[in-house]
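In what follows, a structure is listed as structure tokens, so that the remarks can point back to it.
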Amino acid sequence: MSDLVSPAAIVQAAWRAGRLAYPRTAEGVPVWPPRIAAPGTGGPLTWHDSAGLGTVYATTALHARDAPPRNVALIELDEGFRMMSRVERVPGDAVPIGLRVRVQFTDADPETGDRLPVFVPDGDDA
């Protein structure tokens, strides 16, 4: 039996603890989405915690009948990787590209304990 823990399990455990974990190659290159080995080389990866600060790289609004628009955003973290999420505290159709954001985590799911990283405008302390 292997002692390997799946990258998904590592990420979920970090999110439950309120941390945004990501792997890096031996050369310090961030890897997202997480995987078992470095892309291209198969080299080892080490896990690190992001400071959770970044910039909206791209965004789109999702419109549903009788509901306010929601957004899906590609966030470029300061550590150099991009991840999909959403920006809260801003109308879904008004999230500007270039907005500085910081990570927050949703409340834990009562059944699973799972949490998701979402982003809010940096400096928004409400």
Side-chain angles (χ1 to χ4, degrees):
M1 180 178 252
S2 173
D3 290 337
L4 289 177
V5 176
S6 78
I10 294 169
V11 166
Q12 284 296 326
W15 290 358
R16 282 187 199 105
R19 299 181 356 263
L20 187 57
Y22 70 98
R24 283 196 308 223
T25 66
E27 297 78 27
V29 177
V31 176
W32 196 268
R35 55 199 79 194
I36 293 172
T41 67
L45 297 172
T46 56
W47 287 87
H48 303 271
D49 286 340
S50 168
L53 297 172
T55 303
V56 175
Y57 182 82
T59 184
T60 191
L62 304 174
H63 297 268
R65 185 180 317 159
D66 300 325
R70 298 175 293 136
N71 73 79
V72 175
L74 183 59
I75 308 298
E76 184 163 9
L77 280 295
D78 290 352
E79 289 83 6
F81 65 96
R82 295 178 187 155
M83 68 181 295
M84 298 297 291
S85 186
R86 69 177 183 252
V87 177
E88 298 188 337
R89 300 185 188 161
V90 177
D93 58 355
V95 176
I97 292 173
L99 177 68
R100 288 291 294 167
V101 292
R102 64 181 161 81
V103 73
Q104 287 193 339
F105 289 86
T106 60
D107 292 335
D109 179 281
E111 293 180 21
T112 64
D114 288 345
R115 300 170 74 189
L116 295 173
V118 296
F119 291 83
V120 298
D122 191 27
D124 184 353
D125 296 325

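The figures that follow rest on heavy atoms only: side chains count, while hydrogens, waters and symmetry mates do not. From a predicted model like this one, the values you see are computed outputs, not experimental measurements.
- Side-chain polar atoms of Arg100 and Thr55 form a donor-acceptor pair below 3.5 angstrom.
- Side-chain contact between Arg82 and Leu77: absent, with no pair of heavy atoms (C-beta onward) separated by less than 4.5 Å.
- Legend: side chain to side chain donor-acceptor pair (under 3.5 Å) pairs involving residues 11-22, not counting sequence neighbours, sorted by first then second residue: Arg16-Asp114, Arg19-Asp49, Tyr22-Arg24.
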*Can you check side chain to side chain contact (heavy atoms under 4.5 Å, CB included) on Phe119 and Arg89, steps first, answer last?*
CA-CA 9 Å; Phe119 291 83; Arg89 300 185 188 161; over 6 Å; no
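- In terms of the salt bridge (charged side-chain N to carboxylate O under 4.0 Å, His left out) criterion, Arg35 has no residue partners (sequence neighbours excluded).
- Transitive grouping of hydrophobic side chains (ILVMFWY, heavy atoms separated by less than 4.5 Å) keeps Leu99 and Val118 in distinct clusters.
- Within the 4.5 Å cutoff, the side chain of Pro69 has no heavy atoms near those of the Leu62 side chain.
- Using modelled atom types, one side-chain atom of Thr106 and one backbone atom of Leu116 make a donor-acceptor pair closer than 3.5 Å.
- The CG atom of Asp78 sits 13.5 Å away from the CZ atom of Arg102 when rounded to the nearest 0.5 Å.
- Judged as a side chain to side chain contact (heavy atoms under 4.5 Å, CB included), and not counting sequence neighbours, Pro44 has no contacts.
- Within the 3.5 Å criterion, the main-chain N or O of Leu20 finds no donor-acceptor partner in the side chain of Ser50.
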*Between Val95 and Val87, is a side chain to side chain contact (heavy atoms under 4.5 Å, CB included) present by the stated rule, with each step listed?*
CA-CA 7 Å; Val95 176; Val87 177; 3.9 Å; yes
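- Thr46 places none of its side-chain heavy atoms less than 4.5 Å from the side chain of Pro23.
- For the pair Val101/Leu53, no side-chain contact is recorded, criterion being any heavy-atom separation below 4.5 Å from C-beta on.
- Across every non-hydrogen atom of Pro96 and Ala94, the tightest pair is CD-O, 3.1 Å.
- Sorted by first then second residue, the ring-ring contact (aromatic ring centres under 6.0 Å, His included) pairs that include residues 28-79, not counting sequence neighbours, are Trp32-Phe81.
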_Walk me through whether Val31 and Leu45 qualify under side chain to side chain contact (heavy atoms under 4.5 Å, CB included)._
CA-CA 9 Å; Val31 176; Leu45 297 172; 3.9 Å; yes
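- Of all the heavy atoms in Ala21 and Val11, the pair that sits closest is O-CG2, 4.4 Å.
- Here the side chains of Ile75 and Val56 are in contact, with some heavy-atom distance below 4.5 Å.
- Scanning for salt bridge (charged side-chain N to carboxylate O under 4.0 Å, His left out) contacts around Arg86 gives Glu88, with sequence neighbours left out.
- Checked against salt bridge (charged side-chain N to carboxylate O under 4.0 Å, His left out), Arg70 has no partners two or more places apart in sequence or in another chain.
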